**Student:** 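A single structure is presented below for examination.
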Amino acid sequence: MNEEPETNQVPQGTEGLNPLITQPHGREQQMKMEILNMIHSGESPYDIIYRVAQRLEKASGEPGYAAYVKDQLRAVYGFALQEEILLTDELKEVEERLGRIQQAYDSGDFTEEEHIRIGFAIDRHKKNIERLKIMIQKAKADHESLTVPKFGKL
């Protein structure tokens, strides 16, 4: 029988590296594939960053990290740089929160003082919604998006 000897060929460019590091891993490989899938499907870079932050939060055991990253994205790219997509996301969350607060207010299961406080929260949310709508309108008029559109010219 003419058997060829087994060769343990190392992939080109990985000579001298630890073979365990150069091989695809479970969680790490899955995250890499998720990132590429999000890029190829035209997801927002902000969604990609947030997804990575969620995975890092889970891996590091640091609760609240993803929420902190999301808040910082909104603060810097939304409010400071007037990025429409983040302002719209914030508007949606404020409107949903206002609905829940309004529903609680209408239930009537509160003392008079609590009704006053909830009423104040409703007023603040309504003012915040109007402020966000103005910011979004201004962003649409004055600002070129920082994201690459899914379709159209780059």
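Predicted, not measured: the structure shown is a model, and the values here were computed from it. Each residue takes its place number in the sequence, starting with 1. When reading the values below, keep in mind they use all heavy atoms of this one structure, side chains included, and skip hydrogens, waters and symmetry mates.
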**Student:** Can you get from Leu87 to Ile134 by hopping between Ile, Leu, Val, Met, Phe, Trp and Tyr side chains that sit under 4.5 Å apart?
**Tutor:**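 No, it is not one cluster - the side chains of Leu87 and Ile134 are not joined through contacts under 4.5 Å.
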**Student:** Quick check: are there more than 12 heavy atoms from other residues, nucleotides or ligands sitting under 6.0 Å from OH of Tyr65?
**Tutor:** no
**Student:** Would you indicate whether Arg131, at its atom CZ, is surrounded by more than 12 heavy atoms from other residues, nucleotides or ligands within a distance under 6.0 Å?
**Tutor:** yes
**Student:** I'd like to check the side-chain hydrogen bond (donor to acceptor under 3.5 Å, both in side chains) partners of Ser107; sequence neighbours left out, ordered by chain and number.
**Tutor:**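 side-chain hydrogen bond (donor to acceptor under 3.5 Å, both in side chains) list for Ser107, sorted by chain: empty.
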**Student:** Any chance you could measure Glu83, atom CD, to Glu90, atom CD, to the nearest 0.5 Å?
**Tutor:**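 Spacing of CD (Glu83) from CD (Glu90) equals 14.5 Å.
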**Student:** Using a distance-only test with no angle check, is there a side-chain donor-acceptor pair under 3.5 angstrom linking Gln137 and Lys140?
**Tutor:** no
**Student:** List for me each residue that meets side-chain hydrogen bond (donor to acceptor under 3.5 Å, both in side chains) alongside Glu112, sequence neighbours excluded, and say none if there are none.
**Tutor:**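 Per chain and number, Glu112 pairs via side-chain hydrogen bond (donor to acceptor under 3.5 Å, both in side chains) with no residue.
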**Student:** Mind listing the closest non-hydrogen atom pair of Ala139 and Gln82 along with its distance?
**Tutor:** CB-O, 3.3 Å
**Student:** Any chain of hydrophobic side-chain contacts (each under 4.5 Å) joining Ile136 to Phe79?
**Tutor:**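 Yes, one cluster joins them.
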**Student:** Under 4.0 Å between a side-chain nitrogen and a carboxylate oxygen: does that hold for Glu34 and Arg55?
**Tutor:** yes
**Student:** Atom CG in Asn128, atom CG in Leu132: separation rounded to 0.5 Å?
**Tutor:**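 Answer rounded to 0.5 Å: 4.5 Å.
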**Student:** Under 4.5 Å between side-chain heavy atoms, hopping through other hydrophobics if needed: is there a path connecting Val76 to Tyr46?
**Tutor:**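 Linked within one cluster.
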**Student:** Answer yes or no: is there a side-chain heavy-atom contact under 4.5 Å between Glu130 and Lys127?
**Tutor:**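 Counting from C-beta outward, Glu130 and Lys127 never come under 4.5 Å.
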**Student:** Is there a path of hydrophobic side-chain contacts, each under 4.5 Å between heavy atoms of I/L/V/M/F/W/Y residues, joining Val69 to Ile85?
**Tutor:**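 Yes, Ile85 connects to Val69 through the hydrophobic network.
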**Student:** Salt-bridged, Glu113 to Arg117, with N to O below 4.0 Å?
**Tutor:**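 A salt bridge is present here (some side-chain N lies under 4.0 Å from a carboxylate O).
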**Student:** What heavy-atom pair brings Leu86 and Leu73 nearest, and what distance separates the two atoms?
**Tutor:**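 In this case the closest contact between Leu86 and Leu73 is CD1-O, 3.4 Å.
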**Student:** State yes or no: do Tyr50 and Tyr68 share one hydrophobic cluster built from I, L, V, M, F, W and Y residues joined by side-chain heavy-atom distances below 4.5 Å, directly or via other members?
**Tutor:** no
**Student:** Going through the checks in order, is the side chain to side chain contact (heavy atoms under 4.5 Å, CB included) test met by Glu93 and Arg74?
**Tutor:** CA-CA 12 Å; Glu93 283 190 15; Arg74 283 185 179 162; 2.8 Å; yes
**Student:** Where is the tightest heavy-atom contact between His125 and Leu98, given as atom of each residue plus distance?
**Tutor:**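 Reported closest heavy-atom pair: CB-CD1, 3.8 Å.
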**Student:** Does Gln103 CD have over 12 foreign heavy atoms under 6.0 Å away?
**Tutor:**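 Atom CD in Gln103 is not packed in, count stays at 12 or less.
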**Student:** If you round to the nearest 0.5 Å, how far is NE2 of His115 from CG of Asp106?
**Tutor:** 8.5 Å
**Student:** Decide yes or no on side chain to side chain contact (heavy atoms under 4.5 Å, CB included) for Val94 and Arg97, but give the supporting numbers first.
**Tutor:** CA-CA 5 Å; Val94 172; Arg97 194 166 48 246; 3.4 Å; yes
